[in-house]
Amino acid sequence: MTVRVRFAPSPTGELHIGSVRTILYNYLFAKQNGGALVLRIEDTDQARLDPRALPSIYDGLHWLGIGWDEGPREGGPYGPYVQSERLPLYREHAQRLVDQGDAYFCFCSKERLDQLRAQQQARKELTRYDRFCRRIEPALAAERAARDPHVVRLKVPDAGVVAIDDLVHGKVEWQLATIEDQVLLKSDGFPTYHLAVVVDDHLMEVTHIIRGEEWLASVPKHILVYRAFGWDVPPMAHVPLVLGPDGKKLSKRHGATRVTEFREQGHLPEALVNYLALVGWAPGTEDEVFSLDDLIARWRIEQVQKAGGKWDVERLRWFGGVWMRRLSEDELARRLDGVLPPEWDRSVVRAAIPVIRERMEVLTQARDLIAFLFTDVAPEAPLLVAKKRTAEETRAALARATSALGALPAFGHAQVEDALKAVAMDLGWKQGDLNMPVRVAVTGTKVGPPLYESIELLGRERALARLERAETVLAG
RNA sequence: GGCCCGGUCGCCUAGUGGUCUAGGGCGUCUCCCUUUCAAGGAGAAGGUCACGGGUUCGAAUCCCGUCCGGGCUACCA
């Protein structure tokens, strides 16, 4: 039997980083088993639809390099892959359960339900549906259903136990007495998640259900539905949640959570995938830098952690640095293309890559690192003055550096280095004491890429002009 | 409240009865390298394995209890 797994986002918002981790695990499982990955859109909550959701799922996963085999746009033999286009299917199946006596029509109003809940709360009882409509004669209920608004509820047995052998948690079981008569079909004709997942996973021949742990609690309801239909329950794996720093499910109030945001912040997709895979999984060896292909080869569902893992941007950034240095210079130049202002000369950018690459964790850092090559700098006098020297001494030193650089027959970083070393020697200054004012004069800041290379990149003309301007500032 | 899941350094984790004086990575700190910042190298600090009982010659690893955290508890997914 070929493996078929799915990821089933509900299009209620942009692609979330926590969903990506679950999708990634599904992807890895499918790939390493030569199976298929299916994208199914669970848009059964019509009130919460967000038009940005779909594009962000496609763009985000494409950016990350995670591909799938069947879905709304790519089609496939089990379509449609959007639940709102499968309504008749759910209706038929719900009807079948009613006909079999495993489900029933419920006509209770929102008001009655609210009131019931309030009363139960006041009495400190369990808040759950009182099965009021379960007592209605089936024939009468069917008749009413033809004209009155209604939902379909699952008839949960009063007693008994259901259990699964979860791939990550092991055996988990529930007393049916603690489960309420779940709504399966809503009054607007849409199914609830609980009906739709079961029907679709079965019809789409999904062989393994890998999803977030937030779904673990609804497993008994699903088992009951499978049972009522006489279907087999596929193996399930409830993977741990990605948590915020406070230990609660990662959400927007913890900061960036949308894939789009990380992309905009300049994170490398390789780093995101690598980092994310390691929240909730470890190979058991001391390796930790993994490409998507490495992960396909090494990830194992049995090694997935039970406990949730906290999101750690610092660690993500560290992986960013690692991957930054693994990218070829040409590739890095391509990645930078969309990040840097279009007017910045790409040949200059390309030339600067060797010196900025190991200083970057995210692409956007390149902007600050090489801005001095494209925009004028106007350093203030206090910043220019060398350590333990006066403004005048610094000015004089800069003047000597200026003429030394001006006299150079060739203007490569090696020559620049020789010249500045000679000046420092003459002056009797420590190299760093001379280089700092030169750096500030030429780049405008105290930190940046190596000085000699920076000066070479800038070119003689502009370097000398900036040095002269710094002298003026110091003289002034 | 109820049901369910979880609990190893600040964070991600290795570890499935003895080789654990609990290993690695991130972060932090120190030193080296050095024209700044990085990168790189060498080191350090940091965990009574939530706690308490057992079982066992021996427990982070097995059992029970407690505590703490989380998820779910909608005609949301």
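Remember, it's a predicted structure, so these values are computed and weren't measured experimentally. Convention: sequence-line order gives letters A, B, ...; per-chain numbering from 1.
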> Starting at the 5' end of RNA chain B and moving along, which residue's nearest nucleotide shows up first, Met360(A) or Leu185(A)?
Replying inline: Met360(A)

>> Checking contacts here: which listed nucleotide (G2(B), G40(B), U35(B)) is nearest the side-chain heavy atoms of Arg325(A)?
In response: G40(B)

>> Need one value for Glu173(A): base, sugar-phosphate or nothing, where a base atom within 4.0 Å counts as base even if backbone is also close, heavy atoms only.
In response: sugar-phosphate

> For Gln305(A) and C11(B), what is the distance between atoms CD and P respectively, to the nearest whole Å?
Replying inline: 13 Å

> Which value, in whole Å, describes the distance between the P atoms of nucleotides A44(B) and A22(B)?
Replying inline: 15 Å

>> Work out how far the P atom of G41(B) is from that of U61(B), and round it to whole angstrom.
In response: 36 Å

> Is the number of heavy atoms from other residues, nucleotides or ligands under 6.0 Å of Arg52(A) CZ greater than 12?
Replying inline: no

> Quick one: which of C5(B), A38(B), C75(B) gets closest to the side chain of Glu358(A)?
Replying inline: A38(B)

>> Say we look at G40(B) and C49(B): how far apart would their C1' atoms be, to the nearest angstrom?
In response: 33 Å

>> Please report the distance separating the P of C9(B) from the corresponding atom of A50(B), rounded so that it comes out in whole Å.
In response: 7 Å

> Does any donor atom in the side chain of Gln46(A) or Asp188(A) lie under 3.5 Å from an acceptor atom in the other side chain?
Replying inline: no

>> Measuring only the C1' atom in each nucleotide, how far is G24(B) from A14(B)? A whole number of Å is fine.
In response: 7 Å

> Starting at CG of Leu126(A) and ending at C1' of C3(B), how long is that distance when rounded to a whole Å?
Replying inline: 9 Å

>> What verdict does the side-chain contact (heavy atoms from CB on, under 4.5 Å) test give for Tyr90(A) and Leu184(A), after you've listed the backbone C-alpha separation in whole Å, the side-chain angles of each residue and the deciding distance to 0.1 Å?
In response: CA-CA 9 Å; Tyr90(A) 308 122; Leu184(A) 297 177; over 6 Å; no

> So what's U35(B) paired with, Watson-Crick or G-U wobble, going by both distances under 3.5 Å?
Replying inline: none

> Taking CZ from Phe290(A) and P from U13(B), how many angstroms apart are they, rounded to a whole number?
Replying inline: 14 Å

> To the nearest Å, how far apart are Glu213(A) CD and G70(B) C1'?
Replying inline: 8 Å

> For C67(B), which nucleotide in any strand shown is its Watson-Crick or wobble partner with both distances under 3.5 Å?
Replying inline: G7(B)

>> Can you tell me if Phe374(A) has over 12 outside heavy atoms packed within less than 6.0 Å of its CZ?
In response: yes

> Contact class for Leu451(A) (heavy atom, under 4.0 Å): base, sugar-phosphate, or nothing?
Replying inline: base

>> Taking only the C1' atom of each, what is the distance from A59(B) to U19(B) in whole angstrom?
In response: 15 Å

>> Under 4.0 Å, counting only non-hydrogen atoms across every strand here, what does Arg153(A) touch: a base, just sugar-phosphate, or nothing?
In response: sugar-phosphate

>> On RNA chain B, does the nearest nucleotide to Gln431(A) precede the nearest nucleotide to Asp246(A) from the 5' side, or the other way round? Give the residue.
In response: Gln431(A)

> How far, in whole Å, is G7(B) from A60(B) if one measures between their C1' atoms?
Replying inline: 12 Å

> Over how many whole Å does the gap from His194(A) atom NE2 to A77(B) atom P extend?
Replying inline: 7 Å

> Would you say the side chain of Arg315(A) and the base of C11(B) hold a donor-acceptor pair, judged only by whether the two atoms sit under 3.5 Å apart?
Replying inline: no

> Distance between the C1' atoms of G27(B) and A45(B), in whole angstroms?
Replying inline: 13 Å

> Would His222(A) and Tyr193(A) count as a close aromatic pair, with their ring centres under 6.0 Å?
Replying inline: yes

>> Any strand counts, and the cut-off is 3.5 Å on both contacts for Watson-Crick or G-U wobble. Which nucleotide pairs with C62(B)?
In response: G54(B)

> Partner of G27(B) by Watson-Crick or G-U wobble geometry, both contacts under 3.5 Å, or none?
Replying inline: none

> What integer distance in Å separates Gln115(A):CD from A74(B):C1'?
Replying inline: 17 Å

